[in-house]
Amino acid sequence: MSRPAAPQVRIQKGDFDIAAEIAALSTGRTDIGAVVTFSGICRDDGGRLSALELEHYPGMAEAEIERIARQATDRWPLTHLTVIHRFGVITPGENIVLVLTASTHREAAFDAAAFVMDFLKTRAPFWKKEHLKDGSKGNWIEARETDDASARRWRG
Amino acid sequence: MSRPAAPQVRIQKGDFDIAAEIAALSTGRTDIGAVVTFSGICRDDGGRLSALELEHYPGMAEAEIERIARQATDRWPLTHLTVIHRFGVITPGENIVLVLTASTHREAAFDAAAFVMDFLKTRAPFWKKEHLKDGSKGNWIEARETDDASARRWRG
Amino acid sequence: MKLVYFAWVRERIGKAEEEIALPAEIGTVGDLLSWLQTRGATYEAALQHPETIRVAIDHEHVEHHAPLSGASEIALFPPMTGG
Amino acid sequence: MKLVYFAWVRERIGKAEEEIALPAEIGTVGDLLSWLQTRGATYEAALQHPETIRVAIDHEHVEHHAPLSGASEIALFPPMTGG
């Protein structure tokens, strides 16, 4: 298969359009057999949250996600990889992150998307702070040990 | 989390709209953290094919995919599962199949989508016949042993 | 008993479906496949490697040792290639 | 040397960034974390569990034993929770 385009990485405040992102990579191509999208969406944690505020480290966020994306394109035969991560105040039901992979075969598309998400969770410099329904600021969300475990499964 | 809606299974001749399918499940909900879509797309096999003709077993196709879908909703905590499989003549670049999963957490959404695809490949009664660029009919596509192996990994 | 055929099984037998009265001694899917091969060259061509033939009874996959009793529709087809 | 802070490290220290002239004996990330804790209560509160603090030098993650030599921007922050 043809070599992948360079991964597309975007850090942005605004929302994204999954259909437009899929169209951008597949229009006019006849060698893509599988497209996987992962969208991470803001939850209200059982009605407790009014929003999540996403802080990020500008410059490093782009650099680190590009490093993760290149590891994925080195490891799996992808025709495309797009990663979009939002920052700022995001309300429940809104999109936070999109990972989109395309490949000739489905295994590569699935595995690469899961890999990118596992490393986004554990290595991309973003932090989430809770905004509560009563108007107060809540806690910084704590990292989950299960996310570290998910990232470790890709070793070796 | 709330119990899943019954899996949505559709066998149809026409195309599907991924954005509309995502919107249908996520509008107004604030408990979904992860949405995974898998789209299987017709390839031209290096320029050799003008189309694939998908034959299916009406009645059994719906029943078997519903069985697969219910296994997935029994095994993972999904808020939604939609499976759409097309039949008829499909040209390179067109969609063949969509699997869409939604869950509170990403692992369930990823694993359930991969599970459904592995069993669609090996158990859903569809068969693909090649139409060649020179206007002749080609071969029936042969089942891949690697697909059987992918399905077997979900045992136990 | 209604038999339905798909993909290259259908093409080789030359029909998509047929009604057949089975002899009483045909008890299992395997018996059925062996017996069908005696019905002529088209059946022989379709079923010459019976181990590759997949079978469904009333819309559910079954193994070759499965009994036919109670079946109303039996489907014969190659390994599936959907998805 | 530019130091930048994020999330609760930033909140506890009370600033997002600062320029600091480091004493010559501060050779590694671990040395830096220990030394910063001596600079006052806000630093102590932010860095009281230094093993939980993640560090990046010039936009790349580093371990606590990493040398500081050549660094122009050092970032201190909690474990990441993006995605």
Side-chain angles (χ1 to χ4, degrees), chain A residues 9 11 38-43 52-69 83-88 90 95-99 113-130 137-148 150-151, chain D residues 1-20 28-30 32-33 36-37 41-83:
Chain A
V9 173
I11 312 296
F38 174 90
S39 348
I41 298 171
C42 180
R43 288 179 288 132
L52 286 176
E53 183 170 353
L54 273 92
E55 180 168 333
H56 76 299
Y57 183 0
M60 180 170 172
E62 291 82 349
E64 186 64 23
I65 294 178
E66 273 170 24
R67 283 189 285 266
I68 295 167
V83 183
I84 303 175
H85 205 306
R86 297 179 65 194
F87 61 87
I90 295 179
N95 291 313
I96 295 174
V97 62
L98 175 69
V99 174
F115 172 94
V116 168
M117 276 309 303
D118 285 344
F119 285 92
L120 274 187
K121 285 267 176 190
T122 54
R123 295 187 65 86
F126 287 81
W127 302 271
K128 294 192 184 101
K129 185 166 195 166
E130 300 176 343
K137 293 282 175 77
N139 295 315
W140 290 95
I141 288 185
E142 286 194 40
R144 298 194 305 161
E145 168 52 30
T146 54
D147 286 328
D148 291 324
S150 292
Chain D
M1 177 83 68
K2 185 180 182 185
L3 292 178
V4 297
Y5 310 121
F6 294 96
W8 53 253
V9 174
R10 171 180 55 70
E11 288 182 340
R12 291 180 192 173
I13 291 179
K15 57 185 100 174
E17 58 178 79
E18 59 186 323
E19 288 285 339
I20 292 190
T28 68
V29 167
L32 172 65
L33 293 174
L36 283 171
Q37 286 184 72
T42 60
Y43 292 90
E44 243 181 283
L47 307 177
Q48 60 184 322
H49 300 294
E51 70 281 5
T52 67
I53 304 295
R54 304 298 175 95
V55 180
I57 295 181
D58 296 338
H59 293 173
E60 292 207 46
H61 292 293
V62 294
E63 302 291 335
H64 286 195
H65 56 71
L68 299 179
S69 55
S72 53
E73 181 171 299
I74 302 178
L76 273 53
F77 43 76
M80 286 71 73
T81 56

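The model shown is predicted, which means the values in this text are computed figures rather than measured ones. First the proteins, then the strands, lettered A, B, ... as listed; each starts at 1.
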Separation of D:E19 CD from D:E17 CD (nearest 0.5 Å):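 Nearest 0.5 Å value for the CD-CD distance: 8.0 Å.
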Heavy-atom cut-off 4.5 Å, strictly under: side chain, backbone, both or neither for [X] against chain D?
| X | value |
| --- | --- |
| A:R123 | both |
| A:E142 | backbone |
| A:I96 | side chain |
| A:K128 | both |

Contact leader toward chain D among [options], where contacts are heavy-atom pairs under 4.5 Å:
| options | answer |
| --- | --- |
| A:R67, A:H56, A:H85 | A:R67 |
| A:L120, A:D148, A:D118, A:I141 | A:I141 |
| A:A63, A:A124, A:G59 | A:G59 |
| A:E53, A:M117, A:E64 | A:E64 |

Geometric class of the A:Y57/D:F6 ring pair [parallel <30°, tilted 30-60°, perpendicular >60°]: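 Ring orientation, 0 to 90° scale: tilted.
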If you count heavy-atom pairs under 4.5 Å between each of D:P78, D:A75, D:A56 and chain A, which one has the most?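 Winner by heavy-atom pair count: D:P78.
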Looking at A:K137 and D:E11, does any basic side-chain N land under 4.0 Å from a carboxylate oxygen?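 No.
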Test salt bridge (charged side-chain N to carboxylate O under 4.0 Å, His left out) on A:K129 and A:E55; report intermediate values, then the result. CA-CA 8 Å; A:K129 185 166 195 166; A:E55 180 168 333; over 6 Å; no
Looking only at heavy atoms, the pair that brings D:M80 and A:P125 closest together is CG-CA, 3.6 Å
Under 3.5 Å, side chain of D:D58 to main-chain N/O of D:E73, donor-acceptor pair present? yes
Take A:N95 and A:I84 through the test side-chain contact (heavy atoms from CB on, under 4.5 Å) and record every step on the way to the result. CA-CA 10 Å; A:N95 291 313; A:I84 303 175; over 6 Å; no
